[in-house]
Amino acid sequence: MTDFAKRVTSIDISGIRKMFESAAPGSINMGLGQPDFDTPENIKNAAIKALSDGMTGYTNNAGIDELRAAVAEKLKTENGVSVEPSNVLITAGGSGALHASIMSLIEDGQKVVFNNPGFVSYGSLATLAGGVPDPVPLRPDLHLDVEALKEHFSDKKTKVMVLNSPANPTGAVETKDTIKAVVESAADYGVTVLSDEVYEKFCYGDAKFVSAALFGDNVVTINAASKTYAMTGWRIGFMAASKEIIDQAVKVQQYSLACPTSIAQYAALEAYTGDQSSIGVMKKEYEARRNLIINGLRDLGISVSMPEGAFYAFPKLDLDTVMKIVAGGVIITPGAAFGSNGAGYARMSYATSQKNILIALDRIRKAVE
Ligand SMILES: Cc1ncc(COP(=O)(O)O)c(C=O)c1O
């Protein structure tokens, strides 16, 4: 029998995929964090043009210059974060940016702090890099617990914190004050903050998105075209950081995937510099779906907080009920798939039509009555 590396055998396949595999035919899929919108036409056309123009070779390991410049410009004008194109590394989705930054920063045994419940990749990437995942429970209102985070920062083994607002799986959007406090207290202890901003554009009501990099030099900004432009399959994201960090991260990318896909980079260039109106259309629709699903769940007597961003509802549902709902034809994900503190909850992605949400609510009603 083959012996495998412990850093791989010690991590498990994502619980989200497992639910998907056990679903009945005809199920409504509220399991995956994937926009149900198609990539806007102007972006697709840019890829077609790149293809016919023969842009099919390797690009720079750090990505094409035009896209690095477009991202730097986006960060400056939309987020108030001043960076040069040389501070930007184009990656294979937000995942590629998380991988390159954690691999660059984490030494054996060093800790990566993140929210519990939180996005499934953070802990596994820490383990793959030889580090130690250190999930910190959220407050009962599903927001970051700054005092608890400070305690974890003070542990000498803590090197990195992943901050994620708007958050997966909770939909929580942290306030400017909270983000500032987290970044500043991380800086006090020499901790680098990876700010995962992939849901930046999807904040609802009064919730406002704020970039963590506004509050310190100890921040790596991570973002992607994936959710913003409904481009999950194109695999384009980026990280923006000090030149020092980029110089290391580019080596991780060079020796793992060489460069992100050339034609997808040209598509992303159009995404970041072309017509932005598709974002507003998607946001408006997500917000209507959010209201539909939250009101629907509450009408069924299910306790759920109003998510301020992203496209997930995170109601209180025990595992038995989750399994009944899945058996009843609605794929949802048990909260424990996002960390121990997610037990007793479930994540429901509302990146699906209002029609599907209404069918799902009806099936949930039958499953819980
Ligand atoms: C919080 C968070 N970060 C990063 C990612 C990865 O995004 P990408 O598809 O760009 O790799 C996801 C995907 O679901 C996510 O939810």
Side-chain angles (χ1 to χ4, degrees), residues 14-17 19-20 29-37 39 43 63 67 71 89-103 112-126 128 135 138 142 144 160-174 179 193-203 209 211-212 220-240 249 252-253 256-257 260-261 264-265 267-268 271-272 286 307-314 333 335 337-339 342 347-352:
S14 162
I16 308 178
R17 301 263 161 197
M19 272 293 140
F20 190 59
N29 188 359
M30 303 185 90
L32 288 182
Q34 156 134 293
D36 57 323
F37 297 99
T39 303
I43 300 174
L67 183 53
V71 166
L89 175 66
I90 307 300
T91 56
S95 304
L98 286 165
H99 176 248
S101 42
I102 289 175
M103 285 296 278
V112 177
V113 166
F114 53 91
N115 46 306
N116 175 9
F119 178 49
V120 291
S121 291
Y122 305 145
S124 297
L125 283 171
L128 280 173
L138 293 171
L142 302 175
L144 291 176
V160 160
M161 181 215 171
V162 190
L163 172 66
N164 177 217
S165 171
N168 177 6
T170 59
V173 176
E174 301 299 340
I179 291 176
V193 175
L194 310 185
S195 181
D196 180 341
E197 305 185 351
V198 300
Y199 296 103
E200 167 189 10
K201 296 295 180 189
F202 304 119
C203 292
F209 172 79
S211 273
V220 176
T221 302
I222 290 174
N223 206 331
S226 308
K227 320 279 175 175
T228 304
Y229 301 103
M231 291 179 72
T232 48
W234 297 75
R235 312 306 308 135
I236 297 293
F238 65 81
M239 57 186 275
V252 178
Q253 174 144 297
S256 48
L257 57 130
T261 307
Q265 290 189 64
Y272 284 108
Y286 285 143
E308 297 131 353
F311 38 66
Y312 307 107
F314 202 60
T333 312
F338 303 94
R347 189 190 76 169
M348 307 175 68
S349 163
Y350 50 86
T352 189

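If you read the sequence from its start, that first residue is 1, and numbering goes on from there. In each ligand, atom 1 is the first atom listed, and ligand 1 is the first ligand listed.
Between Thr232 and ligand 1, not a single N/O pair is under 3.5 Å apart.
No part of Trp234 comes within 4.0 Å of ligand 1, judged by heavy-atom distances. Proximity of Ala224 to ligand 1, defined as any heavy-atom pair under 4.0 Å, is confined to the side chain (atoms from C-beta onward).
A donor-acceptor contact shorter than 3.5 Å links the side chain of Thr39 to the backbone of Ala230. Listed for the Ser349 side chain is no donor-acceptor partner under 3.5 Å among the backbone atoms of Gly33. Using a distance-only test at 3.5 Å, with no hydrogens or angles considered, a donor-acceptor pair links the side chain of Thr91 to the main chain of Phe238.
Comparing Ala97, Ser226, Ser165 by heavy-atom distance to atom 10 (O) of ligand 1, the nearest is Ser226. Scanning Asp196, Asn168, Val120 for the heavy atom closest to atom 2 (C) of ligand 1 points to Asp196.
Contact annotation: Gln34 has no heavy atom less than 4.0 Å from any atom of ligand 1.
Using modelled atom types, one finds no donor on one side chain facing an acceptor on the other under 3.5 Å when comparing Tyr286 with Tyr199.
The aromatic rings of Phe202 and Phe311 lie tilted to each other, with the angle between the two planes from 30° to 60°.
Near Tyr199, meaning under 4.0 Å from any of its heavy atoms, are these atoms of ligand 1: 1 (C), 14 (O), 15 (C), 16 (O).
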